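Worksheet for the structure shown next.
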Amino acid sequence: MAEKERLDELTGTREDLASIKNEAFSTVESCRTQEDIEAARVKLLGKKGLITGIFKSISGAEAEEKPVIGEIGNLLRELINEGLQAKSETMAEEALVASLAENEVDVTLPGRKTALGHKHLISQVIDEIVSIFLGLGYRIETGPEVELDYYNFEALNTPVYHPARSLQDTFYIQREDPEHDNSNDILLRTHTSPVQVRVMEASSPPLYVISPGKAYRRDEIDATHAAMFFQVEGFAVDKGLNMGHLKGTLEVFVRKLFGKDRKVRFRPHFFPFTEPSAEVDVSCFACDSAGCSVCKGSGWLEILGCGMIDPNVLKYVGYDPDEFTGFAFGMGAERVAMMRYGIEDLRVLTENDLRFLRQF
Ligand code: DAH
């Protein structure tokens, strides 16, 4: 460094100035903290500091010495400034490294990923069922969960004495109007079938409708019963629809949902709103109908209820049963999910244990 060499040269024969120079450099060198640096700045560059002392001595010096002392003062001031600046920067760097080490921050670690959620198993199953029917040309319709007795029971040809209407099976909603206090005409729908009536009432055939939604029942809660559950309802009304269309539609559906090798069985059953009615079983996918614990030895799993829409229901919505016929079906989404994944207790679906939910 040129300035340092020039300074050494000038102070070489001037002992006093050489010792001031040495003191200044060793003061800079001995700084350990930012406070030391501030103190050194005052001591060396301040109003009463060493450098000021050098310039003050000029007035008493011999004429030819004056410019030399001035040059020494300037060089020394510059070198002190540079020295203190460098010290300060090194210290700041060391302090940063030390604090990183202390906090154990590893700046080379990759960033943490935010976990993305996904659709609940039941939503996935509902989406899948619905999309199969969308593929068959059906459209989605939904209805209210708080429903009138008329749509939930009466227009679905369910007589007043039907057990489903009893207080033990249905959640009824009290009217605020005291005049109607005891009338059980508002309820939480016990199935998604009332959507059939509402859609038929509001539009005319041909109708091909799929309707997912919640239903409620006053069941004792256990491994296979919940007070709230999901159903998917489907129905079609058109000219000339018969049992063959119903069977064909449901066979296509079951094979799309459970695999092309599944067999489908229709068992006669009774529902007030269909005639004839049937329950549909699918051959057990766990044992291929041989009989196992999943199908309780029968080789078959019940998956849905269905039938030809009862002419009485068509009459309720003002359709002529001689002109139009229809079929309908309904299934429980939880039941489908349980069958598919071998889940034995539906309560795990609502307990929100991520270890369970993440599997799907
Ligand atoms: N609503 C019936 C239930 O909740 C299921 C059902 C059966 C729906 C037959 C239908 C049907 O549309 O035709 O158990």
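Everything quoted here is computed from the prediction, not taken from an experiment. One-based numbering along the sequence shown. Ligands are counted one by one from 1 in listed order, and the atoms in each one are counted from 1 as well.
A ring-centre distance under 6.0 Å is not found for Phe327 and Phe235.
When only interatomic distances are considered, the shortest N/O to N/O separation between Gly305 and ligand 1 does not fall below 3.5 Å.
Summarising the contacts of atom 3 (C) of ligand 1 with Glu233, Arg217, Met331, the nearest heavy atom is found in Arg217.
To the nearest 0.5 angstrom, Ile69 atom CD1 is 10.0 Å from Glu64 atom CD.
Looking only at side-chain heavy atoms (C-beta outward), Ile126 and Phe230 come within less than 4.5 Å of each other.
Of all atoms in ligand 1, numbered sequentially from 1 with element shown, those under 4.0 Å from a heavy atom of Thr274 are 13 (O). Close approach to Gln196 involves these atoms of ligand 1, each under 4.0 Å from a residue heavy atom: 12 (O). Near Gln231, with a cut-off below 4.0 Å to any heavy atom, the atoms of ligand 1 are 3 (C), 4 (O). Close contacts between ligand 1 and Gly307 involve ligand atoms 13 (O) [criterion: under 4.0 Å to a heavy atom]. Annotation for ligand 1: atoms under 4.0 Å from non-hydrogen atoms of Phe329 are 8 (C), 10 (C), 11 (C), 12 (O), 13 (O).
Counting heavy atoms closer than 4.0 Å to ligand 1, residue Cys306 contributes backbone atoms (N, CA, C, O) but none from C-beta onward.
For the residue pair Trp300 and Val264, the shortest heavy atom distance occurs at CZ3-C, 4.1 Å.
With respect to Glu82 and Lys87, no salt bridge is recorded, no charged nitrogen being found less than 4.0 Å from a carboxylate O. In summary, Asp8 and Lys4 engage in a salt bridge, as defined by a charged side-chain N under 4.0 Å from a carboxylate O.
The shell of residues lying under 4.0 angstrom from ligand 1, judged by heavy atoms, excludes Phe235.
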